[in-house]
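Inspection log for the structure reproduced underneath, given as structure tokens.
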Amino acid sequence: MRKEVAVAAVATVSTVVVAGVLLVRWKKRDERRWKQTQRMFRKFANDCATPVPKLWHVAFDLVSDMQTSLSDQSQTDYVMLPSVTSSLPSGTEEGLYYGVNLREDNFLMMRARLRGRNDPITDLDREEVEIPPEVISGTYKELFDYIALKLAVFISINTKTNPIAPKGKMGFTVSFPLHDGPAAAGANVIRWKSFPVNEAAGKELAKDFNEALEKHGIDLRVTTLVDATLGDLSGGRYYNRDCVAAVTLGLATNAVYVESAQFVPNGGGVDKNKFGEMVIDMQWGKFNTPHLPITQFDMALDSESSNPGSRIFEKLIGGRYLGEVVRRVLLKMAKETALFGETVPDKLKTPYILRSPDMAAMHQDTSENRDAVQEKLMEVFGIASTSLAVRELVTEVCDVVAERGARLAGACIVGIMKKRGRINDKKSVVIIEGGLYEHYRVFRNLLHSSIWEMLGGALADNVIVEHAHGGSGAGAIFVAAAHSQIRHESFDPPLSEIRNRKGNDDDDQMDLLDWKDDQSDSASLKGGDQMDSTAETSDHSDSSDAGSKNKI
């Protein structure tokens with residue numbers, strides 16, 4: 001009996017010893033894995049880093065590409081699209097206007113009243129309509145017919161007290177590039193078309209849409225389909241003559257700005273307006289430079305996309321891609337360091353399952369235990385339980401991706417202002433629209449701070465960043481107002497307006513000198529990374545100009 005007890009005791013001790021050894025080994029294994037995870041994160045963060053010198057490289061490369069595209073598009077892969085400013089209002093337009101904003105799988109119908117630039121947009125009614133899959137997969141004429149059908153109902157409901165003027169103008173904006181739509185090729189014929197702003201393709205589509213409007217008895221007509229970013233610029237210009245650019249930061253991204261026609265040889269094939277201004281659709285999603293901080297995850301995303309090698313800048317800052325980069329980083333960590341356990345969660349392998357709103361919710365979680373992070377990990381990836389350290393790491397990955405995108409966007413905004421010679425003592429307003437800017441608070445703050453860091457406290461006050469007037473899609477209202485005013489034969493701009501515009505033409509003459517100075521700035525920058533960020537923004541030809549200070 002004593003022998004059996006002794007044997008049992010020895011066996012128990014052996015089991016405890018073995019268990020202890022295993023626990024020690026597991027603990028050491030987990031420590032090695034966590035150190036490896038941290039090394040992977042540090043490398044990723046370093047590869048994504050955007051110090052101010054790098055931001056200036058990106059800004060000057062954009063300026064150089066902008067100038068090349070304007071002077072000779074055959075010499076660059078980065079092609080911008082010039083357009084006359086017929087879609088920009090003067091700020092004197094008043095009345096009730098309708099607009100349509102077409103998105104990927106839905107469209108927004110709007111009605112609003114304008115009372116002049118001294119009053120805000122009022123009586124704003126809007127309705128969002130989902131587009132049925134069978135309509136999305138059909139022809140663009142079928143799509144237009146569906147929009148017109150819904151628009152007829154919208155108008156009938158909202159015109160009981162405010163009837164529309166017969167054959168009035170309506171704005172039509174598009175929130176994604178028709179030729180680079182997110183759907184697979186052939187899924188929707190409207191996405192096949194080339195879509196230069198305010199050009200033949202937009203006018204051709206407008207003709208078909210007007211036929212749909214007439215079919216459904218709607219006394220409104222569209223002059224042309226334009227990029228939604230141009231609509232945002234129209235809204236900004238309506239309220240402030242110093243609005244010179246607009247940026248979309250949503251699922252996709254784009255920027256447009258006002259350029260002096262003298263910088264576009266032969267008007268880019270487009271006649272300039274009587275005030276010598278042109279709107280340039282930058283198509284900045286296609287911008288690329290060796291100075292962009294591109295990682296192995298970005299290269300893999302690009303190679304597996306439907307447009308490899310294209311729209312590189314958009315794949316770094318667009319909302320469609322931010323969450324996907326985060327997912328790819330977490331997937332690699334899950335595979336190589338068992339970040340979420342011995343088995344890689346199946347949903348973590350699903351491309352584009354992590355949307356930018358989910359990423360923002362995790363990134364902006366300020367709770368002590370990162371409860372929102374755990375909630376999103378469960379909701380999106382099916383990951384039931386994680387440690388606080390893992391949740392903190394997920395937040396840090398989101399922060400790195402968002403910071404890179406926001407700071408690159410800020411750098412290119414500075415680049416636009418640099419090209420226009422509007423950094424020193426010239427007030428400039430930039431309108432930004434899109435979910436990333438409107439709803440992703442940290443992203444918005446990071447963008448603002450990047451502009452401040454690049455320009456320094458004194459000069460940053462000259463760049464005013466504002467949210468789009470009227471909110472998402474409302475640019476179509478201002479486009480409608482501009483088109484209605486332009487075609488009113490009795491319209492005669494006030495003398496003060498003409499004087500103001502002439503004064504701005506004088507500024508445009510100064511811009512040519514600014515550009516020459518910018519060229520020397522760019523050359524000196526490329527000689528090295530170290531500089532004083534404020535000094536590098538100096539536009540020497542502007543030293544005699546007086547200007548006002550404004551805040552971001």
Side-chain angles (χ1 to χ4, degrees), residues 86-103 105-131 143-175 202 205-206 209-239 246 248 431 433-434 438 467-488:
S86 58
S87 291
L88 295 185
S90 65
T92 62
E93 298 85 352
E94 297 183 4
L96 193 66
Y97 299 98
Y98 283 83
V100 170
N101 175 226
L102 177 62
R103 285 90 173 267
D105 55 6
N106 66 77
F107 60 91
L108 185 66
M109 302 180 294
M110 293 159 289
R111 185 194 71 157
R113 184 177 298 280
L114 301 179
R115 303 179 186 274
R117 66 171 38 146
N118 293 325
D119 294 307
I121 187 170
T122 60
D123 302 328
L124 179 60
D125 296 305
R126 61 174 71 213
E127 181 180 342
E128 185 175 298
V129 180
E130 295 294 325
I131 305 174
L143 173 62
F144 287 165
D145 186 73
Y146 183 79
I147 294 175
L149 176 64
K150 296 295 183 180
L151 188 61
V153 177
F154 177 76
I155 292 174
S156 67
I157 294 174
N158 290 285
T159 55
K160 294 178 180 179
T161 57
N162 294 290
I164 63 174
K167 296 184 179 179
K169 297 298 178 183
M170 184 175 73
F172 196 130
T173 59
V174 183
S175 287
L205 291 171
F209 184 62
N210 286 333
E211 292 178 358
L213 292 175
E214 186 174 3
K215 172 184 174 182
H216 290 279
I218 301 175
D219 288 331
L220 292 169
R221 295 296 178 267
V222 171
T223 302
T224 184
L225 276 67
V226 300
D227 190 286
T229 314
L230 192 149
D232 297 329
L233 178 62
S234 296
R237 179 58 68 93
Y238 183 85
Y239 287 106
T248 295
I431 297 296
E433 195 275 325
E438 183 177 1
H467 185 240
H469 296 275
S472 177
I477 296 293
F478 297 99
V479 170
H483 287 169
S484 296
Q485 191 84 319
I486 283 171
R487 284 155 182 80
H488 197 292

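The structure presented is a predicted model; accordingly, all values stated were derived computationally and were not measured.
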Item to check | Verdict with supporting geometry, His469 and Ile431, side-chain contact (heavy atoms from CB on, under 4.5 Å) | outcome: CA-CA 8 Å; His469 296 275; Ile431 297 296; 4.0 Å; yes
Checklist entry - Minimum heavy-atom separation for Glu127 to Phe154, with atom names? => result OE1-CD1, 3.5 Å
Checklist entry - Rounded to the nearest 0.5 Å, how far apart are CG of Leu225 and CG of Leu230? => result 12.0 Å
Next on the checklist: Distance check, rounded to the nearest 0.5 Å: Tyr97 atom OH versus Leu220 atom CG?
Outcome noted: 12.0 Å
Checklist entry - Does the side chain of Arg111 reach to within under 4.5 Å of the side chain of Ile157, using non-hydrogen atoms? => result no
Item to check | Distance-only donor-acceptor check, side chains Glu433 and Ser472, under 3.5 Å | outcome: yes
Checklist outcome for this item: Between His216 and Asp145, the two heavy atoms sitting closest are NE2-OD1, 3.0 Å
Checklist outcome for this item: Shortest non-hydrogen pair, Ala468 vs Asp232, comes out as CB-OD1, 3.9 Å
Checklist entry - Shortest non-hydrogen contact from Val222 to Ala206? => result O-CB, 3.7 Å
Checklist entry - Closest approach of Phe144 and Leu205, non-hydrogen atoms and distance? => result CE1-O, 3.3 Å
Item to check | Nearest-0.5 Å distance that lies between atom CZ in Arg113 and atom CG in Leu124 | outcome: 12.5 Å
Checklist entry - Could you state the interatomic distance from CD1 (Ile218) to CG (Leu151), rounded to the nearest 0.5 Å? => result 4.0 Å
Item to check | Atom pair CG/CE of Asn210 and Met170 - distance to nearest 0.5 Å | outcome: 7.5 Å
Checklist outcome for this item: Value for CG (Leu114) from OG1 (Thr122), rounded to nearest 0.5 Å, stands at 7.5 Å
Checklist entry - Does Asp119 offer a backbone N or O that forms a donor-acceptor pair with the side chain of Tyr239 under 3.5 Å? => result yes
Next on the checklist: For Met109 and Val153: C-alpha separation, side-chain torsions, deciding distance, then whether side-chain contact (heavy atoms from CB on, under 4.5 Å) applies.
Outcome noted: CA-CA 11 Å; Met109 302 180 294; Val153 177; over 6 Å; no
Checklist entry - Taking Tyr238 for the side chain and Glu93 for the main chain, is one N or O donor matched with an acceptor at less than 3.5 Å? => result yes
Checklist entry - Knowing that exactly one of Ile477, Leu108, Val174, Val479 qualifies, which makes a side-chain contact (heavy atoms from CB on, under 4.5 Å) with Asn101? => result Leu108
Checklist entry - Which heavy atom in Ile131 sits nearest to a heavy atom in Tyr146, and how many Å separate them? => result CA-CE2, 4.4 Å
Next on the checklist: Run Ser175 and Thr248 through side-chain contact (heavy atoms from CB on, under 4.5 Å) and show every step you take.
Outcome noted: CA-CA 9 Å; Ser175 287; Thr248 295; over 6 Å; no
Next on the checklist: Using modelled atom types and a 3.5 Å cut-off, is there a donor and acceptor pairing between side-chain atoms of Arg117 and backbone atoms of Ser90?
Outcome noted: yes
Item to check | Partner set under salt bridge (charged side-chain N to carboxylate O under 4.0 Å, His left out) for Glu128, not counting sequence neighbours | outcome: Arg103
